[in-house]
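For reference, the structure is listed below as structure tokens.
Values below: all heavy atoms of this structure, side chains included; hydrogens, waters and symmetry mates excluded.
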Amino acid sequence: MSLETIWFGIIVAFWLGYLFLEGFDFGVGMLLPILGRDNTERRVMINTIGPVWDGNEVWVIVAAGAMFAAFPGWYASLFSATYLPLLVVLLALIGRGVAFEYRGKVDSERWRRNWDRVIMIGSWVAPLGVGLILTTTVLGLPLDAQGNRIGGAFEAVRWDTLLGALAVAGFALVHGAAFLALKTAGELRERARTFAIRALPVALLPLAVLLVVVQWREGALWTLVAFVVAVFAAAIAWTRLVADRDGQAFAALGVTIAASMVTLFGALYPDVLPSTLDPANSLTVAGTASSPYTLQVITWVAAFGAPAVLVYQGWTYWVFRKRISAAHIPPVHTP
Amino acid sequence: MDVLELARWQFGITTVYHFLMVPLTIGLSVLVAGMQTAWVRTGEQRYYKMTKFWGKLLLVNFAMGVVTGIVQEFQFGMNWNAYSRFVGDVFGAPLAMEGLVAFFVESTFLGLWIFGWDRLPKKVHLACAWAFSLATIASAYFILAANSWMQHPVGVTFTDGKPTLNSIWAVLTNNTALAAIPHTIAGAFSVAAAFLVGIGAWHLWRKRKSDDEHRAVWRSSIRLGGWTGIVAFAVLAITGDFQGKLMFEQQPMKMASAEALCHTEQPASFSIIAVGDVASSNCEDVKTFNVPALLSFLAHSDFTTEVKGVEDLVTEYQARYGTNYPDDPQLGELAGQPVDYVPNLPVTYWGFRIMIGFGAISAGTGLLALWLTRKNRIPDTKWFPRLALLSIATPFIGNSAGWIFTEMGRQPFVVVPNPSGVDGVWMFTARAVSRLTAGEVWTSLIALTSLYAVLGVVEVFLMRKYVRGGIEGVIPPKQTDDSEGKDELAFAY
């Protein structure tokens with residue numbers, strides 16, 4: 001296998017890591033007003049992701065940075081072509097990140113309510129935008145021979161990319177509910193679990209439809225296998241929730257998103273951003289890759305860096321493995 | 001304004017804004033890790049309280065640094081896609097390394113540090129603080145290596161109209177980077193130092209009549225800040241001098257612009273300050289107060305070196321890189337137009353002076369603070385805390401001016417051609433910008449600027465609130481591992 005292909009895989013893996021990890025902290029943010037009935041409950045919810053959301057967010061930074069390093073042409077075309085959606089994602093990530101840190105810094109009901117709103121809106125908008133952008137790179141855009149977008153600012157907003165937006169947001173919602181069921185105790189946990197059971201079939205529907213569309217248009221036999229795995233894992237997740245096994249349900253949802261990414265990006269390969277105007281303009285793995293030397297350099301970095309990240313991030317989850325309930329939340333404390 | 005101009009404003013605004021948060025995070029995180037080390041080693045309460053107090057301010061600031069950094073990373077692809085395609089083979093590698101080996105460490109261990117009080121063993125918890133703070137320096141290193149490559153392209157061959165990386169080692173040990181890194185890190189420490197001195201002095205003045213731990217905390221903070229500021233300034237001066245010599249060699253036009261030096265001089269005098277319009281084409285309009293032969297010394301370590309002026313350099317650049325922009329549609333309206341090789345002189349000239357002047361003020365305050373608090377003295381005059389509070393702003397201004405100077409000084413190039421860089425590797429800024437609609441860039445410029453403005457107000461508000469709170473609310477660490485009790489989180493949002 002060529003280094004280019006390996007790097008295509010690594011970048012998909014970074015995006016998968018991002019959707020899997022930040023997926024659940026987006027979900028927690030989305031559910032804040034739905035499952036959190038009072039301030040203490042909302043604090044329980046936020047504290048389930050408190051120590052880890054920032055580390056989760058770095059996955060998007062590394063995914064984009066790796067695209068820049070390994071496939072500069074892909075990075076350059078995709079992010080300029082999806083300019084406004086990406087801007088909206090950035091605004092959402094900024095607002096949400098600041099809101100987590102600042103929410104508890106002033107003891108006032110109004111202050112908290114406003115930041116809760118920012119968390120909630122940011123947690124919905126960001127996965128919708130990320131979903132739209134990732135679907136765009138799979139389904140393509142009208143690109144000219146230089147790899148620049150032809151047409152207006154909203155070229156990337158179509159029914160099929162909007163489906164992708166709903167797919168990622170829907171996944172994040174269910175994933176977040178399963179995570180809350182896993183990480184909280186008592187009444188809140190029951191509510192999260194019930195919510196996940198009810199929401200799962202509806203919330204994962206856009207993802208299933210998207211996969212069917214992509215499989216229909218571009219799929220191969222092995223991407224079909226991945227699609228079946230995704231659907232199967234989602235069904236398992238549902239039964240595990242019903243059986244009161246949160247950890248297994250959460251893991252099964254991880255398999256769902258992983259298999260979905262394999263279907264989507266397997267169907268895309270060897271393109272990285274197809275041109276809907278003329279297949280000759282499509283950006284490909286080979287056409288946008290950096291030089292073999294650059295790829296070798298970053299391969300060494302990734303070979304040592306990525307396992308280390310998995311180890312110490314894994315350790316973080318181990319350190320903060322306890323379930324949290326209202327009893328663990330200290331009183332509001334500001335100077 | 002056209003897309004190019006808008007994209008440049010956006011880059012300038014978002015970068016300077018981001019760089020208000022970053023230096024404070026870098027400097028303060030190392031100092032806080034040091035405070036915590038002192039606490040773990042001595043068990044003294046004042047060090048614990050210092051760690052908690054300054055750590056809290058660090059966190060308020062860190063959040064803003066992270067979120068504004070994400071914008072920086074995506075901006076290259078959004079606004080500067082032609083640049084990204086041109087330099088991706090070399091520029092992307094340090095950027096990816098920053099993420100993989102530095103930023104992951106930073107954000108993960110910060111999370112462990114914030115939430116790990118009472119949960120992790122003391123020494124492991126301390127190690128998290130060091131992992132976080134050293135990773136902030138590693139981050140700066142990779143980003144500056146990437147930036148330095150734009151100032152001085154090395155480690156590549158030029159093939160098919162593009163630079164191709166052939167030595168990552170050359171990029172990571174670029175002499176421009178090796179000079180820029182200690183300079184920038186020292187700038188970061190001077191920000192944190194002024195912060196410690198300013199806030200410490202204000203609190204010490206408020207508690208001057210009491211006789212308790214408060215005074216010990218604020219006095220220690222001031223003295224730590226004072227020493228840090230002085231050492232940082234020394235490093236700034238030494239590395240700055242070294243950078244000047246590299247600039248003379250690598251970017252003669254930037255050197256001439258820093259001085260608004262119109263005509264070639266030998267020996268060249270250093271201008272302290274100017275009266276009149278430094279941008280005037282007719283150099284006689286400007287009266288500058290000069291130190292004879294000093295510029296020659298700064299440029300090349302002897303008092304007789306010839307330093308080229310803007311006018312001669314323009315002729316040289318025109319001969320090398322053409323008098324007009326090429327007829328490339330990517331250049332938009334500028335295609336075929338004459339190239340202006342002279343950076344914005346008022347900006348470069350004053351940027352350079354503001355950087356040095358404001359950098360020096362905070363070091364002066366640090367020195368004064370050390371003098372006033374010598375031998376356990378507690379100053380009780382009002383002017384000192386006022387001065388110290390005001391001088392918190394000075395290294396911020398100095399840092400921003402330094403960046404504006406260094407980035408504006410390389411115009412009209414985004415990747416600068418230079419005598420000791422790789423021949424043929426350069427790119428006009430006008431060529432680098434994405435083919436977007438002006439509406440798109442306007443939207444992002446307005447959206448980001450207004451969001452940054454709002455968040456800036458919130459950050460200052462919170463900083464003030466927490467600064468005023470002092471160390472009154474610091475909860476002492478748990479003495480034993482009480483397994484009964486409610487097992488409350490030591491820290492919760």
Side-chain angles (χ1 to χ4, degrees), chain A residues 43 46-47 50-52 54-55 57-58 61-62 64-66 68-70 72-73 75-80 83-84 86-87 90-91 93-95 97-98 100-106 148 152-153 290-291 293-294 297-298 301-302 305-306 309 312-313 316 319-320 324 327-330 333 335, chain B residues 59-60 63-64 66-68 70-71 73-74 76-78 81 84-85 88-90 92-93 95-101 103-104 107-108 110-112 114-116 119-120 164-166 168 434-437 439-440 443-444 447 451 455 458 462 465-466 469-470 472-473 486-489 492-493:
Chain A
R43 287 182 70 200
I46 294 172
N47 279 294
V52 296
D54 197 4
E57 194 149 291
V58 179
I61 292 171
V62 171
F68 199 170
Y75 168 84
S77 291
L78 180 64
F79 294 143
S80 56
Y83 195 91
L84 290 183
L86 181 53
L87 172 69
L90 294 177
L91 296 174
L93 291 180
I94 293 172
V98 170
F100 283 134
E101 293 299 335
Y102 288 178
R103 172 189 194 278
K105 296 267 186 282
V106 174
N148 288 323
S290 285
S291 67
Y293 176 78
T294 300
V297 168
I298 55 176
V301 177
V309 171
Y312 61 68
Q313 286 207 337
T316 310
V319 169
F320 302 107
I324 304 177
H328 300 106
I329 297 295
H333 174 70
Chain B
L59 299 185
V60 170
M64 291 282 285
V66 174
V67 293
T68 53
I70 303 179
V71 174
E73 194 203 29
F74 281 95
F76 296 112
M78 294 168 79
N81 74 7
S84 303
R85 289 184 190 118
D89 202 64
V90 40
L95 216 61
M97 289 181 192
E98 194 262 350
L100 255 171
V101 305
F103 199 52
F104 260 131
S107 45
T108 310
L110 181 70
L112 278 159
I114 303 174
F115 291 85
R119 173 144 310 190
L120 292 167
T164 312
L165 188 63
N166 66 13
I168 186 71
S434 302
R435 310 298 291 163
L436 297 160
T437 61
E440 283 171 291
T443 308
S444 68
L451 181 62
L455 293 181
V458 176
L462 280 177
K465 178 179 150 69
Y466 276 76
E472 308 275 0
K486 281 192 300 173
D487 195 19
E488 268 180 8
L489 300 172
Y493 278 141

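The closest donor-acceptor contact from the side chain of A/N148 to the backbone of B/R435 lies at 3.5 Å or more, if one exists at all. For A/T294 (side chain) and A/S290 (main-chain N/O), no donor-acceptor pair under 3.5 Å exists by modelled atom type. With hydrogens and angles disregarded, a donor-acceptor distance shorter than 3.5 Å links the side chain of B/D89 to the backbone of A/S291. B/E73 places no side-chain N or O within 3.5 Å of a backbone atom of A/A64 that could act as its donor or acceptor partner. The main-chain N or O of B/I168 is found under 3.5 Å from a side-chain atom of A/Y293 such that the two form a donor-acceptor pair.
Residue with the most contacts toward chain A among B/L451, B/L120, B/T437, B/L112: B/L112 (heavy-atom pairs, distance under 4.5 Å). Interface summary for chain A: among B/A492, B/A63, B/G77, B/G116, the most heavy-atom pairs under 4.5 angstrom belong to B/G77. The choice from A/G97, A/P330, A/P72 that makes the most heavy-atom pairs within less than 4.5 Å of chain B is A/P330. Interface check for chain B: of the options A/A306, A/A153, A/G73, the most heavy-atom pairs under 4.5 Å are formed by A/A153. Of all the listed residues (A/Q313, A/K105, A/E101), the one sharing the greatest number of non-hydrogen pairs under 4.5 Å with chain B is A/K105. Residue with the most contacts toward chain B among A/G95, A/S77, A/G152, A/G305: A/S77 (heavy-atom pairs, distance under 4.5 Å). Note: B/S84 leads B/G111, B/S434, B/S84 in heavy-atom pairs under 4.5 Å with chain A. Residue with the most contacts toward chain B among A/V106, A/V52, A/I324: A/V106 (heavy-atom pairs, distance under 4.5 Å). Per-residue heavy-atom pair counts under 4.5 Å with chain A were compared for B/K465, B/M78, B/M97, and the maximum is reached by B/M78.
The contact between A/A302 and chain B is made by backbone and side chain atoms together, counting heavy-atom distances below 4.5 Å. In this structure, chain A has heavy atoms under 4.5 Å from both the backbone and the side chain of B/S444. Interface residue B/L462: only side-chain heavy atoms are found under 4.5 Å from chain A. Residue contact with chain A, scored on non-hydrogen atoms closer than 4.5 Å, involves the backbone and the side chain of B/L100 alike. In this structure, chain A has heavy atoms under 4.5 Å from both the backbone and the side chain of B/E440. Using a 4.5 Å cut-off between heavy atoms, A/I298 touches chain B through its side chain atoms alone. At a 4.5 Å heavy-atom cutoff, the contact between A/I61 and chain B is made by backbone and side-chain atoms alike. In this structure, chain B has heavy atoms under 4.5 Å from both the backbone and the side chain of A/V319. Contact annotation for B/L489: both backbone and side-chain heavy atoms come within less than 4.5 Å of a heavy atom of chain A.
For the pair A/G55 and B/T108, the tightest heavy-atom approach, listed with the atom from each and the gap, is CA-OG1, 4.2 Å.
Qualifying salt bridge (charged side-chain N to carboxylate O under 4.0 Å, His left out) partners for A/E57, counting only residues two or more places apart in sequence or in other chains: A/R96. B/R85 meets the salt bridge (charged side-chain N to carboxylate O under 4.0 Å, His left out) test with no other residue; sequence neighbours excluded.
The shortest side-chain heavy-atom distance between A/Y312 and B/F104 falls under the 4.5 Å cut-off. When side chains are defined from C-beta on, B/F115 counts as touching A/N47, because their heavy atoms get closer than 4.5 Å.
No close placement of the B/F74 and A/Y75 rings is indicated, their centers lying 6.0 Å or farther apart.
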